[in-house]
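Remarks on the structure that follows.
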Amino acid sequence: MSLQLYDTATRSVRDFVPREAGKVGIYLCGVTVQSPPHIGHLRSGVNYDVLRRWLEYRGLEVRFIRNITDIDDKVLARAVAEAVPYWSIAYRNERLLDDAYDAVGVRLPTYEPRATGHIPEIQALIQRLIDRDHAYATDTGEVYFDVSSYADYGALSGQRPDEMRSGEETAPGKRSPLDFALWKGVKPTEPADAYWPSPWGRGRPGWHIECSAMTWRYLGEEFDIHGGGLDIRFPHHENEIAQSRAAGFGFARYWVHNGPLNLGGEKMSKSLGNVVDLPSLAARGLRPAEVRYYLSAPHYRSVIDYSEAALDEAAAAYRRIEGFVQRAVERVGVVETDGVVPAGFELVMDDDLNTPQAFALVHETVRAGNTALAAGDDEAVRQALGEVLTMLGVLGLDPLTDTPAARSGLADTVDSLVALALQQREAARARRDWPAADAVRDQLKQAGVLIEDTPHGPRWTLAANATDGP
RNA sequence: GGUGGGGUGGCCGAGUGGCUUAGGCAAGGGCCUGCAAAGCCCUGUACGCGGGUUCGAUUCCCGCUCCCACCUCCA
């Protein structure tokens, strides 16, 4: 069996066949960097990171392009409000986004192009659309895409132009409310440095066109997978298709959309202001790996209704896995694996990336490993440990490097100090002075160090929320 | 009004025409332990409502209802 993906365009699960054997081109609509990222953006990043890792596991060479839209109405409005250059806003938020992605283990894309770095490509594409009678310029220096010129408009999102609410604003020279701007003329209310010269007058790109231009530049006229959040299927992706197809390009062969992350029954979004971000979760004692688990454990197309309780449960589930890995490594050392995941894991991942089932297999293996650990069956422990690490690796999680102790950078220091305390406790236990022994354990617990007795002697771990303080 | 997705045991969350009715969290019982912790074992018998198809439906079909997303900037 090979990978099957749900394709939004055909509303069906399809066998994934790369257009060029052994290679995959993916374009993911990144973020408009108008404000700091929230975990809804992270979900998107994590979902496609898993897709990419799985494609690579399957031996494909992945060219993964994730764009940054660094100029749009909101970025400019923010710049005016803060009285700073628009590009400083965009850059600041871009850095925050990349840091957040990095924290949750989303690998860097092959390239991360910015809209403003592709003005020539954008203008070339616009001119091409004008030449083909799919776009028109107005007296006011705007260029609009002529929706009526593209028969398949609405196919991706199931919208019919005649059924649509007239949400699009009208403007002088605009032929239809549905037409959308490819190029926007100078506005006196916007920063003067937000414009470039063009055949249609000074202006800047509209939303949508930058993605068509950048896919063209980095992936060619036709490529394999286009991804993004379900919420931008319309109008953004619909418009991208219209532009690129009208320009004569084959464009994306598969459309993958991740589900939204809601909060309180509503989509978490910048415009609604109901956002939760990584720093606020860190303040609650959650580690990025736990957040990644939370975001990747449900299926990528399902809705996640954010709740602290669900997040805490996910963190507990991840710690269970982590606990096994740590104990197993202490017992048998780090194992070398061949990098091949169990067949059952391949099966469920090939099935439209069924990560819930994939994690179920991880947990089943953990249980087997724990049993082996209790039975002293080191060979079985090695087996389970290797499988767990390999599966987690494909899912972008590495419990070996991302432990609380390792992150503090003081593991060795704590180890020495705890060893000292444990000597006293063992002495007390030897003379059956249980109150004294328990006092040591309680004091360590107060300090955030948990003691467990095992058949091979006591071991310590940092409490989950050790960084949280009392 | 249009389009699409969904309502699964206390909670999160997969899945399936019956067969072995995921997995995690929480709960109760047990084992282990000086006591714990961790771990292991056991227990709970779920599929929004009403019809229909079927030998049999949570799974297919129809109706209803509720929720969410999109149709306007948003991963």
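Chain identifiers are assigned alphabetically (A, B, ...) following the order of the sequence lines, protein sequences preceding nucleic acid strands; residue numbering begins at 1 within each chain.
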**OP:** Kindly determine whether A/Asp378 and A/Arg382 satisfy side chain to side chain contact (heavy atoms under 4.5 Å, CB included), including the steps that lead there.
**Re:** CA-CA 6 Å; A/Asp378 288 355; A/Arg382 267 187 213 98; 4.2 Å; yes

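For A/Tyr306 and B/A75, the OH to C1' distance is 17 Å, given to the nearest whole Å. Separating the CG atom of A/Asp453 from the P atom of B/U33 is a distance of 12 Å, rounded to the nearest angstrom. One interatomic measurement links the two molecules: CZ of A/Arg301 to P of B/A14, which rounds to 10 Å at whole-angstrom precision. B/C32 atom C1' lies 14 Å from atom CD of A/Glu452, rounded to whole Å. To the nearest angstrom, P of B/G24 lies 14 Å from CG of A/Leu392. In this structure, A/Gln34 places its CD atom 12 Å from P of B/C73, rounding to the nearest Å. A/Asn67 places its CG atom 10 Å from the P atom of B/A75, with the value rounded to the nearest Å. The separation between A/Arg233 atom CZ and B/C73 atom P is 15 Å, rounded to whole Å.
No hydrogens or angles considered: a donor-acceptor pair under 3.5 Å links the side chains of A/Gln383 and A/Glu387.
Residue contacts for A/Gly228: at a heavy-atom cut-off of 4.0 Å it reaches the sugar-phosphate backbone alone, with no base atom in range. Base contact: A/Leu261 has a heavy atom under 4.0 Å from a base atom. Residue contacts shown for A/Ile232 are limited to sugar-phosphate atoms, with no base heavy atom under 4.0 Å away. Counting any heavy atom pair closer than 4.0 Å across all strands shown, A/Ile451 reaches a base atom. Nucleic acid contact for A/Ala317: sugar-phosphate only, since backbone atoms but no base atoms lie under 4.0 Å from a heavy atom of the residue. Across all strands, A/Arg429 comes closer than 4.0 Å to base atoms (heavy-atom distances).
At a cut-off of 3.5 angstrom, counting only N and O atoms as typed in the model, there is a donor on one side and an acceptor on the other between the side-chain of A/Glu313 and the base of B/G24. At a cut-off of 3.5 angstrom, counting only N and O atoms as typed in the model, there is a donor on one side and an acceptor on the other between the side-chain of A/Arg441 and the base of B/A36.
Considering only side-chain N and O atoms, A/His41 lies under 4.0 angstrom from the phosphate OP1 or OP2 of B/A75. A close approach under 4.0 Å does not occur between any side-chain nitrogen or oxygen of A/Arg425 and OP1 or OP2 of B/G34. In this model, the phosphate group of B/A75 is approached by a side-chain N or O of A/Thr32 to a distance below 4.0 Å at OP1 or OP2. Applying the 4.0 Å criterion to OP1 and OP2 of B/A38, one finds that A/Asn370 has every side-chain N and O outside that range. For the OP1/OP2 pair of B/G39 and a distance below 4.0 Å, the side-chain nitrogens and oxygens of A/Arg320 include at least one atom meeting the criterion. Residue A/Thr355 has no polar side-chain atom (N or O) positioned under 4.0 Å from OP1 or OP2 of B/A14.
Under the ring-ring contact (aromatic ring centres under 6.0 Å, His included) criterion, the residue pairs touching residues 348-373 of chain A are A/Tyr293-A/Phe359, with sequence neighbours excluded.
Nearest-nucleotide assignment on RNA chain B puts the 5′-proximal partner with A/Tyr294, out of A/Tyr294 and A/Pro260. Toward the 5′ end of RNA chain B lies the nearest nucleotide of A/Arg11, the other residue of the pair A/Ser302 and A/Arg11 mapping further downstream.
A/Arg43 places a side-chain N or O within donor-acceptor distance of the main-chain N or O of A/Tyr300, the cut-off being under 3.5 Å. Looking only at distances, no side-chain donor or acceptor of A/Ser212 sits under 3.5 Å from a matching main-chain atom of A/Ile209.
An aromatic stacking contact links A/Trp434 with the base of B/G34, defined here by ring centres under 5.5 Å apart and ring planes under 30° from parallel.
Between A/Tyr27 and A/Tyr218, every side-chain heavy-atom pair lies at or beyond the 4.5 Å cut-off.
One C1' atom belongs to B/G2, the other to B/C19, and the distance between them is 44 Å to the nearest Å.
Of all nucleotides present, only B/U3 satisfies the Watson-Crick or G-U wobble test against B/A69, with each distance under 3.5 Å.
Using cut-offs of 30° and 60° for the angle between ring planes, the A/Tyr153 and A/Phe234 rings count as perpendicular.
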